[in-house]
Every structure is written in structure tokens, then in C-alpha cells.
*Asks:* 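Can you read through this structure? Questions will come right after.
Indexing begins at 1, ligand by ligand and atom by atom, following the structure's order.
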Amino acid sequence: MIVHGGAGGRAAPADRSERRRGLLAAATRGGEILRAGGAAIDAVIAAVTVLEDHPFFNAGYGSLLTTEGWVEMDAAVMTAERRGRSRTAYPEIRAGGVILISRVRNPIRLARAVMDLTPHLLMAGAGAERIARRAGIELCRPNELISPHARARWLANRAAPDARAASPSETKAAGGGDKHGTVGAVARDRHRNLAAATSTGGVPGKLPGRIGDSAIIGAGLFASARGAASATGAGEAILRAGLCRGAVEACGRGTPHAAAERAIRMLDGAEAGVILIDAKGRIGFAHSAQAMEIATFDPFVGTRHLTPAAMTAIAE
Ligand code: GLY
């Protein structure tokens, strides 16, 4: 399994250890599920839930705010599960996503409820909230999702709108001015089922009603018999390129790492990152931002945190 905490600028020094702890906790939570024989879908949702609950990541509590000062989150899950025991059995593909969510602390859990409880792929607004009630997911007041950091950043951006406009990539809501964003996870379980999950508060300076890539199948996440991917970064560019579908399809033509790098090159310099796992359980990742931190879980080596420098060394 791989987990990412967003691509963007390097985290402020004061925030690095806390972010590292958050990513490791997410990978550990998902890893425990996989180690116990649990499903990839459960592992990615558990990992993303940890990051949604952590105020230093731009998802769930701590999401950055719209220009009007409210949280509007997007999240989705996708899974490719094997039917039958044959190595060639075609997988069952399932997905669910939610957009513009303002009253649920863990939109990734609501995305799963859409997948499990409805015939639909993507839901928003009052209809999505009704699904939350059916799934036993508690609704909160919109202001309960606004962290002190996100509010401080919003106030700073309002005071200096030019600085915000000059920074079109997604920005970390917490931790001052550093840029880190969307969270996601991909995993393969012992039955060779694959799953991807992505959750975000969006990009800085977004208008109310703006929808990014994170909940859009093929862009912010994708899963098929070949692999599973989750993206982070400038949503408009990721949507135009269909980043995650491109990365997963390229898995058939080389290592996941090469596939991730090729997919990122397709973005023509837009700031983004992608994590990838293939049907053999091999992982890959690439980004075009200043930094992207990830944590991995492997049943043989356990949980590891990869800093930007370590990622560069591995890639080389
Ligand atoms: N990648 C997150 C967004 O654009 O909303």
C-alpha cells in the first residue's frame, strides 16, 4: 500500500514531524487491515480516514476554504475485485464518489456508502447527505470542519488576494503558507484485489461550487485489473489529462514507477503527483511539484515514510 499527503511546496519545518506522524499512522492503520487479511478497499478507506481527521492535511477536518470561507470537499473510492479463483478472472469494478460535501467529517466514508448503497457513481448535496443518514454517518455543522489553521490561511489570502492568484496549485490548508494538499491511498490485498481512494478540500482560492479531479473516475483516482492510482495537485490539469487512468493503463507497458513518471510528464509542467500500485503489488510514484511525501506499507518491511529526498533517490 502507498499513502500520499499531497503534492506541493515543502512543508514548513515546524510541521514536518507532525505530517510524517500522520502519514505513518495512516499507512499503519491500512497495513494492519491488510496484514490481518482484510480487503484493499477497507485498507485505503482506513488510511484516508486517518488523514481526513488530521488537521495538517487538506481533506476532511483541516480542508482549505472557498473564497466565501466554507469547506466543500470531494472524495471517491474505486475498487477492482477478482471474481472467482482463476488468475484471469475479470475483476468487478466498483466506485463511488461525493462532491461539494460540507456536513460530513469523513467524505471518504460517504463515498463508500454511495458505492455500497446506491446504483450511482457520484452524488452531491442533499441527496448525498441522505445517504450519510442511511449509512449511519453522522452529519456535522459546516463550521465544525473549519480548523483554526484553515481559517487563518483564508484570512491571510483575503488580505493578500494577489499572492493567492499567483499560486494556482493546491495549497495545504494548515501549517502557514506551505503547499500540500489532497490525500490518497492505493492498495492490493492478499486476494489480489486493488483499491484506490482520494479525498480533498480542493485548491486555494476556489470559488464556491468548483469541483476538482479527486472524485472524478479516471482523473483523481482509477482502478482496473492492471492497477490502482490516486492523484494530487492542480485539479484542472489532472482532469484534462485523465491522469490516473493514463497511469494505470501505462502499467501494462512497464514498471509502475515508469508509468507514474510518464503520466506526470503528460501534464506539461502542471503541479501534480500520482501514486500507483500494479496487479503484482509493485508500487510507483512521481510528481512535478516541489515535494510530495508518501508512506508505504509492505508486509515484509512494514511501514516506511518517504521524504522528498528519499523519493528522488529511489527514483534514480
Ligand atoms: N487535486 C485537488 C483538486 O484540484 O481539487
*Asks:* Pull out every atom of ligand 1 sitting under 4.0 Å from any heavy atom of Gly202, numbered as shown with elements.
*Replies:* 5 (O)

*Asks:* Should you measure from each heavy atom of Gly235, which atoms of ligand 1 turn up under 4.0 Å away?
*Replies:* 4 (O)

*Asks:* Where is the tightest heavy-atom contact between Ala7 and Gly273, given as atom of each residue plus distance?
*Replies:* CB-N, 4.0 Å

*Asks:* Which of the atoms of ligand 1 are close to Asp213, meaning less than 4.0 Å from one of its heavy atoms?
*Replies:* 1 (N), 2 (C), 3 (C), 4 (O)

*Asks:* Hey, is Lys206 close enough to Glu236 for a salt bridge, meaning N to O under 4.0 Å?
*Replies:* no

*Asks:* Does the side chain of Thr66 come under 3.5 Å of the side chain of Glu72 through a donor N or O and an acceptor N or O?
*Replies:* no

*Asks:* Quick one, Arg105 and Glu138 - any side-chain contact, counting heavy atoms below 4.5 Å?
*Replies:* no

*Asks:* Kindly confirm or rule out an N or O of Glu236 lying under 3.5 angstrom from an N or O of ligand 1.
*Replies:* no

*Asks:* At less than 4.0 angstrom from any non-hydrogen atom of Ser214, what atoms of ligand 1 do you find?
*Replies:* 1 (N), 2 (C)

*Asks:* With a 4.5 Å heavy-atom cut-off, do Leu121 and Val114 have their side chains touching?
*Replies:* no

*Asks:* What I want to know is whether Gly212 and ligand 1 share at least one N or O pair that is separated by under 3.5 angstrom.
*Replies:* no

*Asks:* Does only the side chain of Glu72 get under 4.0 Å from ligand 1, or the backbone, or both, or neither? Count heavy atoms.
*Replies:* neither

*Asks:* For Arg151 versus Leu65, what's the shortest heavy-atom pair and its separation?
*Replies:* CA-CD1, 4.1 Å

*Asks:* Distance-only, no hydrogens or angles: does the Ser288 side chain make a donor-acceptor pair with backbone N or O of Ala272 under 3.5 Å?
*Replies:* yes

*Asks:* Tell me whether His287 contacts the main-chain N or O of Ala289 through its side chain, where contact means a donor paired with an acceptor under 3.5 Å.
*Replies:* yes

*Asks:* For ligand 1 and Val203, I'd like to know whether there is a polar contact (N/O to N/O, distance under 3.5 Å).
*Replies:* no

*Asks:* Which option, Arg210, Glu271, Met73, Lys206, owns the non-hydrogen atom nearest atom 5 (O) of ligand 1?
*Replies:* Arg210

*Asks:* Please could you name the atoms of ligand 1 that Thr200 approaches to less than 4.0 Å, counting only its heavy atoms?
*Replies:* 2 (C), 5 (O)

*Asks:* Please could you name the atoms of ligand 1 that Thr182 approaches to less than 4.0 Å, counting only its heavy atoms?
*Replies:* 1 (N), 2 (C)

